Amino acid sequence: MQLTLEFGGGLELLCESVKIHKVNVDPPNGTEKFIMKDLLSWVRTNLIKERPEMFMKEDSVRPGVLVLVNDCDWELSGQLDTTLEDKDVVVFISTLHGG
């Protein structure tokens, strides 16, 4: 399954300053669907190059990280249980800024 992942609001700095990633992912063994919880684990292992604690807290994103799946807030679609499909676009934006 091909997904487009976009990082903004400073989160791209955790991914070697690359904002947009086109990635191919497969559902975990024994399952047919790929959910956001699986994606976050994959991102932590494969994309985050430094300071993963700035992106994730336990199995989810840190408070202050806005997650959009196809321009829809993931809180409206099930958060960690949101099912992803081929060609989906997932956006991660940090709403926390220094000042």
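Predicted model, so just to flag it, every value in this text is computed and none were measured.
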Run the side chain to side chain contact (heavy atoms under 4.5 Å, CB included) test on I20 and T4 for me, step by step, so that the C-alpha distance in whole Å, both residues' side-chain angles and the decisive distance to 0.1 Å come before the verdict. CA-CA 7 Å; I20 299 175; T4 300; 3.9 Å; yes
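- Grouping the Ile, Leu, Val, Met, Phe, Trp and Tyr side chains by contacts below 4.5 angstrom, directly or via other members, places V69 with V25.
- Side-chain contact between L47 and H21: present, with at least one pair of heavy atoms (C-beta onward) separated by less than 4.5 Å.
- Residue R44 comes nearest to M56 through the heavy atom pair NH2-CE, 3.2 Å, listed as atom of the first residue, atom of the second, then distance.
- Looking at heavy atoms from C-beta onward, L3 lies out of side-chain contact with V89 at the 4.5 angstrom threshold.
- Atom NZ of K87 and atom NZ of K22 lie 8.5 Å apart (nearest 0.5 Å).
- A donor-acceptor pair is defined here as one N or O able to donate and one able to accept, closer than 3.5 Å; no such pair exists between the side chain of E75 and the backbone of D73.
- In terms of modelled atom types and a separation under 3.5 Å, the side chain of S17 and the main chain of L13 share no donor-acceptor contact.
- Heavy-atom neighbours of D86 CG from other residues, nucleotides or ligands within 6.0 Å: above the threshold of 12.
- Remark: the backbone N or O of G64 is paired with a side-chain donor or acceptor of T95 at under 3.5 angstrom.
- S94 and G9 make their closest contact through CB-O, 3.4 Å (heavy atoms, listed as atom of the first residue, atom of the second, distance).
- Inter-residue side-chain proximity for I48 and C15 is flagged as met; some heavy-atom pair is nearer than 4.5 Å.
- Checking each of V90, L66, V61, L68 against W74 for a side-chain contact (heavy atoms from CB on, under 4.5 Å) leaves exactly one that passes, namely V61.
- Applying side-chain hydrogen bond (donor to acceptor under 3.5 Å, both in side chains) to D88 and the options T82, T83, N70 leaves one that passes, N70.
- Two residues are said to be in side-chain contact when any heavy atoms from C-beta on lie closer than 4.5 Å; V43 and F7 meet this criterion.
- The side-chain heavy atoms of K37 and D59, taken from C-beta on, include a pair separated by under 4.5 Å.
- Residues L40 and L80 meet the side-chain proximity criterion, which asks for heavy atoms closer than 4.5 Å.
- Within the 4.5 Å cutoff, side-chain heavy atoms of M1 are placed close to those of F34.
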Full working for side chain to side chain contact (heavy atoms under 4.5 Å, CB included) between L39 and L5: CA-CA 10 Å; L39 177 63; L5 308 179; 3.9 Å; yes
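- Here the closest non-hydrogen pair linking M36 and Q79 is CB-O, 3.4 Å.
- Across every non-hydrogen atom of W42 and N24, the tightest pair is CZ2-O, 4.3 Å.
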Output, in order, the C-alpha distance, side-chain angles, deciding distance and verdict of side chain to side chain contact (heavy atoms under 4.5 Å, CB included) for V91 and V67. CA-CA 6 Å; V91 180; V67 182; over 6 Å; no
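- Taken to the nearest 0.5 Å, the CD atom of E6 stands 11.0 Å off from the CD atom of E12.
- Applying the 6.0 Å contact sphere to CD of E32 captures no more than 12 heavy atoms from other residues, nucleotides or ligands.
- Looking at heavy atoms from C-beta onward, L11 lies in side-chain contact with F55 at the 4.5 angstrom threshold.
- Taken to the nearest 0.5 Å, the NZ atom of K57 stands 6.0 Å off from the CZ atom of R62.
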